Protein chains: 2
Amino acid sequence: MPSDRTRTAILAAAERLYADRGFGDVTLRDIVAAADVNLAAVNYHFGSKDELIAELFVTRSLALNRERLSELRAAEEVRGGRAPIEAVLRALVGPTLRGCLGPDNQRSTAARFMIRVSIESVPPIRRIRNREIDHLRKFVAAMARSLPGCSDVELYWGLHFALAMAQQTVRDSERLTKLSEGKCDVEDVEAVIERVVSVAVMGLTGGGAERKVPARLLARDAR
Amino acid sequence: MPSDRTRTAILAAAERLYADRGFGDVTLRDIVAAADVNLAAVNYHFGSKDELIAELFVTRSLALNRERLSELRAAEEVRGGRAPIEAVLRALVGPTLRGCLGPDNQRSTAARFMIRVSIESVPPIRRIRNREIDHLRKFVAAMARSLPGCSDVELYWGLHFALAMAQQTVRDSERLTKLSEGKCDVEDVEAVIERVVSVAVMGLTGGGAERKVPARLLARDAR
DNA sequence: TTGCAATTCAAACACTTGTATGAAACTATC
DNA sequence: GATAGTTTCATACAAGTGTTTGAATTGCAA
């Protein structure tokens with residue numbers, strides 16, 4: 001049994017550095033310095049830099065999917081397979097938002113690492129990322145159970161927009177804070193989640209056919 | 001007057017390459033090869049790679065802001081200073097979406113370059129990007145004119161979400177297409193714009209205080 | 001044409017990157 | 001405690017990066 005103290009030290013250091021500074025400007029030498037191991041250790045334990053990144057991504061990706069699905073199942077169990085649409089979307093965006101916003105001590109490098117992945121999409125990751133689609137399909141299915149009358153296209157757009165709002169909030173929380181001079185509180189994670197979910201749900205349920213009427217676009221009064 | 005044939009060739013090649021492949025893996029040698037100029041030309045004409053990127057960004061940033069504001073003014077002139085909120089948001093997200101989605105021949109490298117900027121945020125750009133806040137504030141002001149009853153915080157979140165949906169749609173249009181097996185048509189740009197705007201407007205006008213009531217969250221029926 | 005500045009060019013520079021090597025240190029088994 | 005296998009380490013390597021250099025070429029005014 002190999003004493004994988006070095007291995008785990010490298011993984012932890014790499015994840016933190018990638019989460020903080022992105023893949024672009026984190027070198028192997030940065031990682032080994034942070035992990036306090038020798039330069040050659042990465043290639044010895046992982047084979048190459050790319051394989052290190054890939055292992056990191058696979059691990060975290062599975063964990064995130066598991067977390068989302070467990071929240072989803074918990075919500076569906078309450079009502080025998082039909083969770084309210086809010087709960088489905090909350091299971092989708094909650095884990096990421098909770099891990100990335102909120103008080104410092106509660107933020108997980110894992111969640112921030114996954115956001116990096118969603119931003120930069122470096123080659124070793126791009127090859128694996130297809131599995132994400134299958135994962136998201138499970139949520140589309142759950143959304144369909146919540147909103148039986150809703151068309152597939154609307155569900156896809158709704159999920160897409162929900163993820164968009166969640167990810168952008170994480171990615172650009174700084175800009176939002178600056179723009180609003182602190183009036184938008186991104187530290188209150190649960191409030192942010194409710195906000196994202198609520199807008200997404202309105203997009204799913206509120207719109208409908210009315211959206212396609214172009215005559216209305218310039219006719220509405222500014223009130 | 002310097003014959004800036006080389007200069008413009010470099011700018012065009014660089015913009016296209018950055019738009020296509022990102023800042024991460026485009027080297028000076030790629031650029032000069034595409035522009036068919038000598039390697040030293042970049043440093044001769046621009047001083048450094050970073051200054052080339054900065055010039056590209058400043059130029060395009062000003063152009064995009066100008067385009068947005070001209071759409072906004074056009075919309076506000078119709079009703080003497082109070083455009084419908086839909087028109088304001090359309091002026092915000094329209095230019096980017098039109099330039100990045102839609103038929104190939106109509107896509108602009110400029111718009112795709114700006115999306116890259118919003119994704120990668122390389123150091124020379126990060127230093128300049130603060131001006132963006134001032135630009136966005138003008139839109140917040142216009143939104144306030146459209147929705148006088150709306151609180152500032154809601155306006156900030158509304159603008160934030162609108163940009164989030166627009167940018168994510170551009171960035172991840174491929175995933176949405178795959179996920180929906182082509183059923184979500186991102187080529188119909190005007191429809192996408194209306195969709196983004198409509199959801200954002202619902203978020204601004206539909207929600208209100210009701211959003212804060214937690215009791216409702218699990219109580220809604222799945223039907 | 002001559003002369004001079006602006007521009008182009010090939011080559012080299014200094015530096016950083018990920019990876020490979022072979023010796024040293026360690027660990028556990030006999 | 002000797003030995004074989006695993007892990008660490010300092011060091012070197014090849015490839016690629018942005019930048020610099022100084023000579024060659026061009027373009028244009030006198």
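All values reported here derive from a predicted model rather than from experimental measurement. In what follows, chains carry the letters A, B, and so on, assigned in the order in which the sequence lines appear, proteins first and then strands, with residues in each chain numbered from 1.
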What distance do A:Ile119 atom CD1 and A:Gln167 atom CD have between them, rounded to the nearest 0.5 Å?
8.0 Å
Can you tell me if B:Ser151 and B:Glu154 form a side-chain donor-acceptor pair at under 3.5 Å?
no
What is the distance from CG of B:Asp4 to C1' of D:dG27, rounded to the nearest Å?
15 Å
Under a 3.5 Å cutoff on both atom distances, Watson-Crick or G-U, what's the dot-bracket for DNA chain C ([ ] crossing, | other strand)?
||||||||||||||||||||||||||||||
For nucleotides 16-24 of chain D, give me one character per nucleotide, 5' to 3': B if any protein heavy atom sits under 4.0 Å from the base, S if the only such contacts are to the sugar-phosphate, - if neither.
-BBBBB---
Do A:Val32 and A:Asn38 have side-chain heavy atoms sitting under 4.5 Å apart?
no
Is the closest side-chain heavy-atom distance between B:Glu55 and B:Leu11 below 4.5 Å?
yes
In B:Leu147, B:Asp152, B:Val153, the residue satisfying side-chain contact (heavy atoms from CB on, under 4.5 Å) with B:Cys150 is B:Leu147
A:Glu51 CD to C:dG18 P, in whole Å, measures 14 Å
OP1 or OP2 of C:dT8 versus the side-chain N and O atoms of B:His45: is any pair under 4.0 Å?
yes
Parallel, tilted or perpendicular, as decided by the 30° and 60° cut-offs, for the rings of A:Phe161 and A:Trp157:
tilted
Given 3.5 Å as the limit, does a donor-acceptor pair link the side chain of A:Asp30 with the main chain of A:Thr27, or not?
yes
Please report the shortest heavy-atom distance between A:Thr6 and A:Val37, naming the atom on each side.
CG2-CG1, 3.6 Å
Atom pair distance, as rounded to whole Å: CG in B:Asp25 and P in C:dT17:
17 Å
